Number of protein chains: 2
Amino acid sequence: MARRNDHSREELHEMALSAAQILLDEQGVTALSTRKVAAAIGYSVGSLYQLFKNLDDLCWQLNARTLEQFQAEVNAIPAEQPREIILGYGRAYLEFAHRWPHRWHLLFEHKSQASEIPDELQGKIAGMFEYLEGALAQLFPGAEADSLQRSARTLWAAVHGIAVLASLDKLFLNQPALEQQMLNEVIGRYLNGWQQENMA
Amino acid sequence: MARRNDHSREELHEMALSAAQILLDEQGVTALSTRKVAAAIGYSVGSLYQLFKNLDDLCWQLNARTLEQFQAEVNAIPAEQPREIILGYGRAYLEFAHRWPHRWHLLFEHKSQASEIPDELQGKIAGMFEYLEGALAQLFPGAEADSLQRSARTLWAAVHGIAVLASLDKLFLNQPALEQQMLNEVIGRYLNGWQQENMA
DNA sequence: CAAAATAATTAAACACTGTTTAATAAAATC
DNA sequence: GATTTTATTAAACAGTGTTTAATTATTTTG
């Protein structure tokens, strides 16, 4: 039943990733299994292992796609004032986590942490930090590189924390537009507090 | 081979939870299986299902223990100035996540979210928010209840975000005492920024 | 062009997982 | 002491990731 020329290696690779993404979107991280992906593309599990080192490898590649997609959305944000850039980034982050809950979940699954992060992905993440660092550098021209790098991560951690707890339903608070308000407040107050330091 | 009077139901329950906790601490979330817990206490899996509804139930009870332990540590923080209380809470949180990485990981495993959060646990979490809200209320006597509740969650989310990304090794930055600095800055700047709002 | 080498594909197996079931052994009740 | 209730277990079911050996298709070689 082998049929090598039905699809090239590249086509198969693409088919598998697409099928996996659909499975992920529709049924969540736990439904993402080698057998289901194989069945979805009409091949056996063994053939999947010809295309991917293992399931973790497939997940990393899925994560790379997710990051590319998010990065494209972030790049589409009009570059206005630095504060608006940072806020826009946070909004995009929260919105993305809501729109693609399972893709976003897979990004931070501890399981994937078992194997080491591929260099390619690490580069993508670093690029996104630089985006934030650039906006912060505009706001704080006198700040040291260390400080800017740390602050970019701190702001990202804060936004990420909001997204995590919201997705886990662990905020236990019914307020209208809760996440949006939390986002506005944490970024606004953080930046104001920092500016205040520089004036004293 | 049944031996009903070797251990009472309560003893068995305690033995199972303790064994599960050791397994969790030593081998991580993925190693926490019904068969391993059963083997550790010298009973069959079936007997475990007499004590717990399922593995998720066992995990919830493990999480309840973890929260109790953390709450005890938080309560041991000397009640000083409100800012020190909030900072102390954040420090305790980061420290706890480092000292008990797997217990802390289990707390936020999405898997456990499949079944609903037991009321008991929900109450424990609410209690911890109140702790933060109390300190914030001292700093901002004029603030509305809504605002205090939201801010407590925002600060928690920020600290949680730092802990998550640090535990996932996703900060990609080698700075001495990075997490501590991020913590100090996010709390300090947030509170300063808020105070600034009230003066304007 | 046919034969040999290579590579892809698959079915089956292995070692796990959570959970359920039927049979058995022990304790409690009558 | 006989009967009912309960605890316990081994076995089974349906999954999982991954590996293996055998088969089939394609390429390369003679």
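Residue numbers start from 1 in every chain, and the chains themselves are labelled A, B, ... in the order their sequence lines are given, proteins ahead of strands. If you're wondering where the values come from, they're calculated on a predicted model, not measured in any experiment. In what follows, every heavy atom counts, from backbone to side chain, and hydrogens, waters and symmetry copies are set aside.
For A/Arg35 and D/dG15, a side-chain-to-base donor-acceptor distance below 3.5 Å is absent, hydrogens and geometry of angles not being considered.
One atom, CD of B/Gln50, and another, P of D/dA7, lie 5 Å apart when rounded to the nearest Å. Counting to the nearest Å, the C1' atom of D/dA7 and the OH atom of B/Tyr43 are 9 Å from each other. Taking atom CD1 of B/Ile41 as the reference point, atom C1' of D/dA7 lies 13 Å away to the nearest angstrom. The distance between atom OH of A/Tyr49 and atom P of D/dA21, rounded to the nearest whole Å, is 17 Å. For the pair A/Arg9 CZ and C/dT9 C1', the interatomic distance rounds to 13 Å; values are reported in whole Å.
Distance from the side chain of B/Asn54 is smallest for C/dT19 among the nucleotides C/dA12, C/dT19, D/dT9. Between D/dA10, D/dT18, C/dT9, one nucleotide has an atom nearer to the side chain of A/Ser44 than all others, and that is C/dT9. For B/Leu55, taking side-chain heavy atoms from C-beta onward, the closest of the listed nucleotides C/dA8, D/dT8, C/dT19 is C/dT19.
Using a 4.0 Å heavy-atom cutoff across all strands shown, A/Leu58 reaches no nucleic acid atom at all. Within the nucleic acid shown, A/Leu12 comes within 4.0 Å of sugar-phosphate atoms alone, with no base atom in reach, counting heavy atoms only. Looking at heavy-atom distances under 4.0 Å, B/Ser33 makes contact with sugar-phosphate atoms alone, never a base. Within the 4.0 angstrom heavy-atom criterion, only backbone atoms of the sugar-phosphate kind lie near A/Lys36; the bases stay farther away.
Heavy-atom minimum distance, B/Leu121 versus B/Ala64: CD2-CA, 3.9 Å.
Distances shorter than 4.0 Å separate some side-chain N or O of B/Thr34 from OP1 or OP2 on C/dG18.
Taking a cutoff of 4.0 Å between a charged side-chain nitrogen and a carboxylate oxygen, A/Glu133 and A/Arg153 qualify as a salt bridge.
The aromatic ring centroids of A/Trp194 and A/Phe140 lie less than 6.0 Å from each other.
Taking the six-membered ring where the residue is Trp, A/Tyr93 and A/His160 present perpendicular rings, their angle passing 60° and hence far from 30°.
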